[in-house]
Amino acid sequence: MPEKILLDGDKLRVPAQPIIPFITGDGIGVDITPAMRQVVDAAVAAGADGRQIHWLEVPAGEQANKELGQYLPQSSLDTLREHVVGIKGPLSTPVGGGFRSLNVTIRQVLDLYSCIRPVRWYGSASPLKEPKKLDLVIFRENTEDVYAGVEFDSLSAEAKRIIALLRELGIGQGQLPDEAAIGIKPMSPGRSKRHMRKALRWTLAYGRKSVTLMHKGNIMKSTEGAFRRWGYEVIAEEEFVGHFLAEADGEAAGKIPVNDRIADNMFQQILTRTADYDVIVAPNLNGDYLSDSAAAGVGGLGMAPGANIGDGLAVFEATHGTAPKYAGLDKINPGSLILSAAMMLDYLGWTKAAKRIEQAMSQAMQARLGTYDLVRGWRNEGEDNLTELSCSEFAAALIDRL
């Protein structure tokens, strides 16, 4: 019998047959979303314990606009909130104009304040010598920094007023042109700290080995420097005392070290000292850059899962774009969305089904079965005995290995 997932405080009450809303997505969503659903259904059914997902499609994106005249109807947001846990394919966002990102809107309206991006190698081609060492979980704050969207056009009345105010305060003299566009990056202790708490709880729950705060506090001292400071304040809270220890305080048996790294150095560190990093907590823009860069080391965004999680509410998603020229061609790698769905199953507490998907992915990679992008990468590394599969065939190959 299909039932809704319920939220008891910030804890989930998951029935044996939950209703899970999904957004197909724009472009290649028509290919990868059905593939994801087939793999998830097979992984759950393999448990033979009566569990089953009942899928509920939620309109959003280009098709919703054509049919309903809205890219993101309020009813869709209400459905995601009501059912607590959902999953989505990629949604289009214009660059330099048009409507704001639907992805950002979903995250902010539902207050899904932490974007969680695991980065793990399953066997795809990689520019790294030892990609198996790359096993990170990146926590990116989802509601502040550049995602707050506070900016004003060059020569706009608002920009002129802010420039005038800054000059009155003695800021920007000689460095702030009259025609400057203005952007403001708000960062607050409350929102930064709740994001940090989620990362620390995740670290404890999954037995991770270290936590790193990524920031540009050497330059932006009142925002990113404060993000670093607020992070260290959180590990001193009663909930975390005895579990974590700041790097500056030395080492202690049984305590998980917490350190911090400046953003530009962090990019170097995950390449040169890959195995030294585990959970990385970052403000919005830093986390965005780092998660995409790290994904390149494990095969690109096609192999990068993602989740947006707040206080119980969660929406899992493919981390790549819509690739409209490939839409409907049954060609694109569905790995990102399938691995995101595995994260979703784990979030529901269905860990065995999640592990079945991850193991099937590893087995397919080791057998050199993959979509065109995966096969191209292996071929560029000089490998042969490769089998190129369509999107749906790749899903079938995973199901065969569940």
Side-chain angles (χ1 to χ4, degrees), residues 112-119 133-148 185-252 254-295 297 306-310:
L112 308 175
Y113 53 82
S114 287
C115 178
I116 304 172
R117 296 276 297 272
V119 181
K133 289 184 177 180
L134 192 60
D135 185 5
L136 306 173
V137 182
I138 299 169
F139 278 73
R140 169 195 179 197
E141 205 284 327
N142 244 352
T143 67
E144 296 192 301
D145 196 357
V146 296
Y147 260 18
K185 54 176 293 175
M187 294 173 65
S188 65
R191 292 191 173 194
S192 296
K193 287 183 175 182
R194 68 178 183 175
H195 173 58
M196 183 68 183
R197 291 186 191 103
K198 186 169 291 294
L200 295 181
R201 290 167 186 154
W202 179 287
T203 300
L204 292 173
Y206 287 89
R208 309 296 294 204
K209 64 183 182 181
S210 69
V211 177
T212 300
L213 309 178
M214 177 185 180
H215 62 90
K216 191 65 176 172
N218 58 326
I219 303 298
M220 308 194 79
K221 302 179 188 299
S222 297
T223 51
E224 302 212 12
F227 180 85
R228 170 187 176 276
R229 184 176 72 252
W230 296 328
Y232 283 119
E233 288 174 359
V234 169
I235 71 168
E237 293 176 356
E238 183 177 355
E239 177 182 354
F240 303 110
V241 168
H243 296 290
F244 296 93
L245 185 69
E247 183 180 51
D249 295 331
E251 299 180 3
K255 291 191 178 182
I256 299 169
V258 178
N259 54 51
D260 67 270
R261 299 291 182 264
I262 293 172
D264 44 332
N265 184 41
M266 189 77 256
F267 283 91
Q268 173 189 239
Q269 292 282 307
I270 64 169
L271 294 177
T272 59
R273 299 180 62 182
T274 308
D276 291 351
Y277 296 94
D278 195 342
V279 174
I280 300 175
V281 191
N284 183 268
L285 188 59
N286 291 340
D288 192 11
Y289 289 157
L290 188 71
S291 54
D292 281 18
S293 176
N308 302 286
I309 303 178

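All values derive from a computational prediction rather than experimental measurement.
Here the side chain of N142 pairs a donor or acceptor atom with the backbone of L112 at under 3.5 angstrom. With hydrogens and angles ignored, the 3.5 Å screen pairs a side-chain donor or acceptor of N284 with a backbone N or O of E141.
Within the model, atoms OG of S192 and NE2 of H215 stand 13.0 Å from one another, a figure rounded to the nearest 0.5 Å. How far CE of M214 is from CG of N265: 9.5 Å, rounded to the nearest 0.5 Å. Considering CG of D276 and CG of N259, their distance stands at 9.0 Å, rounded to 0.5 Å. The OH atom of Y113 sits 12.5 Å away from the CG atom of N308 when rounded to the nearest 0.5 Å. Rounding to the nearest 0.5 Å gives a distance of 9.0 Å between CG of L136 and OG of S210. Atom CZ of F227 and atom CG of N286 lie 8.5 Å apart (nearest 0.5 Å).
At most 12 heavy atoms of other shown residues, nucleotides or ligands fall within 6.0 angstrom of atom OH in Y289. Summarising the local packing, NZ of K193 is surrounded by more than 12 heavy atoms from other residues, nucleotides or ligands at distances under 6.0 Å.
The minimum heavy-atom distance between I270 and A294, with the atom names listed, is CD1-CB, 4.1 Å. Between R208 and I256, the shortest heavy-atom contact is O-CD1, 3.7 Å. Nearest heavy-atom pair, D145 versus P283, reported as atom, atom and distance to 0.1 Å: OD2-CB, 3.8 Å. In this structure, S222 and A226 approach most closely via the heavy-atom pair O-CB, 3.4 Å. Among all heavy-atom pairs drawn from M196 and V211, the shortest one is CE-CG1, 4.1 Å. Between P186 and E144, the shortest heavy-atom distance links the atoms O-CB, 3.2 Å.
Cation-pi geometry between R140 and Y147 is satisfied (NZ or CZ under 6.0 Å from the ring centre, within 45° of the ring normal).
Residue E224 is tested with K216, R229, K185 for a side chain to side chain donor-acceptor pair (under 3.5 Å); the sole match is K185. With respect to E247, the salt bridge (Lys or Arg N to Asp or Glu O under 4.0 Å) criterion is satisfied by exactly one of R261, K255, R228: R261.
Between F139 and H195, the ring-plane angle classifies as tilted under the 30° and 60° cut-offs.
Ion pairing of E239 with R197 is absent here, as no side-chain N (NZ or NE/NH1/NH2) approaches a carboxylate O to less than 4.0 Å.
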inquiry  = Test side-chain contact (heavy atoms from CB on, under 4.5 Å) on F244 and T203; report intermediate values, then the result.
reply    = CA-CA 10 Å; F244 296 93; T203 300; 4.0 Å; yes
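Residues T143 and R194 form a side-chain contact, since some pair of their non-hydrogen atoms from C-beta on lies under 4.5 Å apart.
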